[in-house]
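Residue numbers start from 1 in every chain, and the chains themselves are labelled A, B, ... in the order their sequence lines are given, proteins ahead of strands.
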Amino acid sequence: MSNQTPIRVRFAPSPTGNLHIGGARTAIYNWAFAHANEGTFVLRIEDTDPLRSSAENTAQIIRSLRWLGLNWDEGPETGGELGPYLQTERFDTYDKALARLQERGNAYPCFCAPEELHNKREAALAAKQNPVYDRCCRDIDPDEAQQRIVAGEPHTWRLKIPLDRGAISFDDTVYGTVTVPLEQLDDFILVRSDGKPTYNFVVCVDDALMQISHVIRGDDHLSNTPKQILVYEALGYPTPQFAHLSMILGSDGKRLSKRHGATSVEAYQEAGYLPEALVNYLALLGWSLDGETTIIDADTLKTQFSLDRISKSPAVFDEKKLDWVNQSYLKELGSAGFVDAWLPYLEADGLATAAKVAEKRSWFEDIYPLVVERVHTLSEINPLVNYLFGETVSLDEKSVEKCLAGEGTGELLESITALLQDENLKWEHEALDTALRGLAEQRDIKPKIVFQALRVATSGNMVSPPLLESLELLGREVTLARLEAAKPFAG
RNA sequence: GGCCCGUUCGUCUAGCGGUUUAGGACACCGCCCUCUCAAGGCGGAGGUCACGGGUUCGAAUCCCGUACGGGCUACCA
């Protein structure tokens with residue numbers, strides 16, 4: 001790469017809610033692109049809408065980004081040369097930008113009343129015409145305009161777009177050349193009558209002043225881009241390279257929303273997904289390394305990510321595949337990492353405290369190989385291993401019927417009890433396995449009958465993690481107590 | 001209404017005019033393994049590359065239309 005201008009990208013969420021799956025993917029692409037090109041990743045909060053924005057949402061978004069491991073080089077909390085990074089702290093910057101536009105003769109005041117504009121719009125729409133502003137204030141004599149402003153007449157400021165251009169076109173990294181006829185663009189409002197700047201204005205000012213080289217964002221902004229290019233030009237600033245991302249859809253092909261279930265990063269965190277897995281899955285939703293690889297860790301993303309492999313069409317979010325990716329990350333965790341990740345769930349369900357886990361660390365770590373290939377998320381662990389905790393266990397009715405109620409099972413449980421009571425039997429899964437198989441042979445029944453009866457008696461269910469390892473974790477005493485408690489249910 | 005954009009197995013995608021009988025992954029089905037469930041191994045089914053026209057010796061790949069989907073068209077972001 002022989003770029004003269006340094007690579008600088010930004011993620012610019014507006015804190016009108018928490019961090020969304022779609023926003024997270026945009027952040028991942030920006031973050032990965034910055035790293036892959038030794039660039040700078042900037043976080044900017046677009047909180048200019050006081051009604052919909054909140055500090056809590058900003059904090060929430062920041063928390064989610066941190067959790068995902070998408071750390072920024074400049075932005076809230078970290079600071080930077082080109083801040084502040086909250087738009088609400090940048091109003092003076094926007095005032096200056098407007099002044100710059102005024103000096104350059106590229107902005108003019110508009111005194112049209114909102115309802116007047118609205119009526120014209122409706123009329124144009126009714127006449128099936130393109131509802132662009134008719135520029136009736138564009139040619140008001142500057143002196144007259146100045147007098148009206150001084151007299152306190154309400155006004156907005158509009159961009160004086162060049163009318164001598166046939167079309168605006170730009171080269172989008174993802175979509176290629178996009179061309180929009182000039183007649184589609186109007187002298188849109190830069191600053192409202194209350195003095196507040198609009199989105200299409202501030203986004204350009206900020207990106208220009210923060211020296212953003214590549215704008216990577218959702219494709220809902222693709223149509224806004226020509227307008228923004230006009231703002232850059234009017235300001236006399238260079239235009240960044242644009243790369244627009246298609247949106248993420250729900251399983252029904254409609255835009256991802258609450259009806260599809262969890263859509264916030266936080267919800268996936270609570271559901272027990274690992275941040276590395278979410279990042280991996282999301283990165284692959286609209287981008288591919290080579291079309292073959294599905295497990296791509298953060299380090300690989302940080303070196304191999306490229307904008308030219310982003311796909312143009314929208315992608316459907318598939319939770320099943322996320323589950324699979326998450327499980328493969330769980331398998332990479334190792335027992336120590338697994339217990340650390342599991343701890344919050346143990347505490348939340350009251351199964352164990354941090355102190356208890358520290359005390360019986362190896363006992364908890366031994367659970368790892370038993371459950372890791374049986375769960376997709378951390379939140380699935382507790383229901384699966386619940387039976388390993390406490391003295392007693394409740395027996396599942398169906399399982400009792402199927403594996404305990406049969407004739408002779410009571411007698412079988414007695415034999416098992418006798419066998420397990422023997423202090424000479426080493427309480428270790430291989431020894432237990434040998435002993436129990438011996439019992440089956442002795443009674444001339446399939447080992448499965450023995451194992452299933454014992455499984456239901458000790459775990460409460462005919463489906464459980466490996467039996468013998470479970471007994472090992474349960475200990476002889478608890479195992480025998482549970483056998484005793486199960487006998488009344490046996491046939 | 002106008003303009004912009006998209007369309008490869010159910011889903012995520014590979015594919016940049018011939019090496020393609022369209023490859024991989026998830027999901028699905030079967031077999032093996034097996035104390036249940038998983039995990040794993042092996043195998044299978046699944047795509048007339050939205051449709052219709054061109055261009056070309058040759059098209060999923062290039063061009064034009066049509067359909068469907070999405071976006072923008074605000075004193076929202």
Side-chain angles (χ1 to χ4, degrees), chain A residues 12-14 16 46-49 51-53 87 110 112-114 117-118 121 124-132 154-158 172 174-176 178-181 183-186 188-194 196-200 202-203 218-227 244 246-247 249 251 253-255 281 284-295 309 311-325 327 331 370-375 384 399 403 433 436-437 440 446-452 454-456 459 461-468:
Chain A
S14 72
T16 55
E46 311 217 321
D47 57 350
T48 50
D49 184 344
L51 292 175
R52 299 198 297 148
S53 302
Q87 286 187 329
C110 169
C112 298
L117 257 17
H118 181 77
R121 214 181 109 77
L125 239 27
K128 302 200 173 193
Q129 278 173 343
N130 202 25
V132 291
H155 63 283
T156 60
W157 285 90
R158 288 181 180 271
D172 187 276
V174 175
Y175 289 97
V178 177
T179 305
V180 177
E183 55 268 26
Q184 288 296 315
L185 276 11
D186 67 0
F188 67 93
I189 291 174
L190 303 166
V191 177
R192 303 182 181 93
S193 49
D194 65 359
K196 291 268 193 68
T198 61
Y199 168 76
N200 280 312
V202 299
V203 73
D219 78 350
D220 45 335
H221 293 298
L222 190 62
S223 300
N224 281 327
T225 305
K227 291 185 196 174
H244 287 90
S246 61
M247 61 172 48
L249 310 174
S251 49
K254 295 271 162 64
R255 188 185 193 127
Y281 175 70
L284 248 24
L285 217 50
W287 176 83
S288 67
L289 180 62
D290 53 15
E292 310 268 300
T293 317
T294 42
I295 297 299
R309 292 191 64 86
S311 75
K312 300 191 226 299
S313 45
V316 173
F317 186 84
D318 180 7
E319 203 155 311
K320 281 268 177 58
K321 189 156 185 177
L322 204 212
D323 281 348
W324 180 85
V325 171
Q327 185 181 51
K331 288 177 182 168
L370 306 190
V371 300
V372 69
E373 51 205 30
R374 292 175 173 76
V375 296
L384 195 64
S399 299
C403 305
D433 188 46
L436 288 163
R437 282 178 195 282
K446 285 188 193 160
K448 182 172 174 173
I449 306 287
V450 177
F451 287 124
Q452 285 301 81
L454 183 54
R455 184 192 308 281
V456 174
S459 77
N461 203 291
M462 58 194 279
V463 175
S464 83
L467 177 63
L468 290 338

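Inter-residue side-chain proximity for A:Gln87 and A:Val202 is flagged as met; some heavy-atom pair is nearer than 4.5 Å. In this structure, the side chains of A:Lys196 and A:Thr48 stay at 4.5 Å or more apart for every pair of heavy atoms. In this structure, A:Ser288 and A:Arg309 have side chains that are in contact, with non-hydrogen atoms separated by less than 4.5 Å. With a 4.5 Å cut-off on side-chain heavy atoms, A:His221 and A:Tyr199 count as touching. Counting heavy atoms from C-beta outward, A:Thr294 and A:Trp324 have side chains that approach closer than 4.5 Å.
Proximity of A:Ser311 to the phosphate of B:U13: a side-chain N or O atom is located under 4.0 Å from OP1 or OP2. The phosphate of B:G15 (OP1 or OP2) has a side-chain N or O of A:Arg309 nearer than 4.0 angstrom.
When both pairing distances are held under 3.5 Å, B:A39 makes no Watson-Crick or G-U pair with any nucleotide shown. Under the Watson-Crick or G-U wobble criterion, with both distances below 3.5 Å, B:A14 has no partner in any strand shown. Under the Watson-Crick or G-U wobble criterion, with both distances below 3.5 Å, B:U7 is paired with B:A67. Shown here, B:U34 forms no base pair; nothing in the strands shown gives a Watson-Crick or G-U wobble contact with both key distances under 3.5 Å. B:A27: no Watson-Crick or G-U partner with both key distances under 3.5 Å is found in any strand.
Looking at the side chain of A:Asp318, the nearest of the listed nucleotides B:C26, B:A77, B:U36 is B:C26. Side-chain proximity of A:Leu222 to the nucleotides B:G40, B:G6, B:C5 is greatest for B:C5. Ranking B:C5, B:C75, B:A77 by closeness to the A:Pro114 side chain, first place goes to B:C75. For A:Arg455, counting side-chain heavy atoms from C-beta on, the closest listed nucleotide (B:U36, B:U13, B:A77) is B:U36. With B:A74, B:G23, B:U36 as the choices, the nucleotide that has an atom nearest any side-chain atom of A:Glu292 turns out to be B:G23. For A:Lys254, whose side chain is taken as the heavy atoms from C-beta onward, the closest listed nucleotide among B:A77, B:A25, B:G70 is B:G70. Which of B:C26, B:C3, B:A77 sits closest to the side chain of A:Val180 comes down to B:C3. Closest to the side chain of A:Asp49, out of B:U34, B:C26, B:A77, is B:A77. Checked against B:U11, B:C35, B:G71, the side chain of A:Gln452 finds its nearest nucleotide in B:C35. Distance from the side chain of A:Lys227 is smallest for B:U73 among the nucleotides B:U73, B:C35, B:C4.
A:Ser193 comes within 4.0 angstrom of a base, heavy atoms only. Contacts of A:Asn224 with the nucleic acid, taken as non-hydrogen atoms under 4.0 Å apart, include base atoms. In this structure, A:Leu51 reaches neither bases nor backbone, as no heavy-atom distance under 4.0 Å exists between it and the strands shown. Looking at heavy-atom distances under 4.0 Å, A:Gln184 makes contact with a base. Using a 4.0 Å heavy-atom cutoff across all strands shown, A:Arg255 reaches sugar-phosphate atoms only and no base atom. Contact annotation for A:Pro226: no contact, since no heavy-atom pair falls under 4.0 Å across all strands. Among the heavy atoms of the strands lying under 4.0 Å from A:Gly286 are primed sugar atoms or P, OP1, OP2 only; no base atom is included. Contacts of A:Lys446 with the nucleic acid, taken as non-hydrogen atoms under 4.0 Å apart, are absent. A:Thr48 comes within 4.0 angstrom of sugar-phosphate atoms only, judged by non-hydrogen atoms across all strands, and of no base. Counting any heavy atom pair closer than 4.0 Å across all strands shown, A:Leu284 reaches sugar-phosphate atoms only and no base atom. In this structure, A:Lys196 reaches neither bases nor backbone, as no heavy-atom distance under 4.0 Å exists between it and the strands shown. Backbone-only contact: A:Thr179 has heavy atoms under 4.0 Å from sugar-phosphate atoms and none from a base. Within the 4.0 angstrom heavy-atom criterion, only backbone atoms of the sugar-phosphate kind lie near A:Ser288; the bases stay farther away. Looking at heavy-atom distances under 4.0 Å, A:Glu183 makes no contact with the nucleic acid at all.
On a pure distance criterion of 3.5 Å, a polar donor-acceptor pair joins the side chain of A:Lys321 and the base of B:A25. For a distance-only test at 3.5 Å, the side chain of A:Ser223 qualifies as a donor-acceptor partner of the base of B:G71.
Between the side chains of A:Asn461 and A:Ser464, no donor-acceptor pair of N or O atoms lies under 3.5 Å.
If A:Cys110 and A:Arg437 are placed on RNA chain B by their nearest nucleotide, the residue sitting closer to the 5' end is A:Arg437.
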Residue pair A:Tyr175, A:Asp219: steps toward the side chain to side chain donor-acceptor pair (under 3.5 Å) verdict:
CA-CA 10 Å; A:Tyr175 289 97; A:Asp219 78 350; 3.1 Å; yes
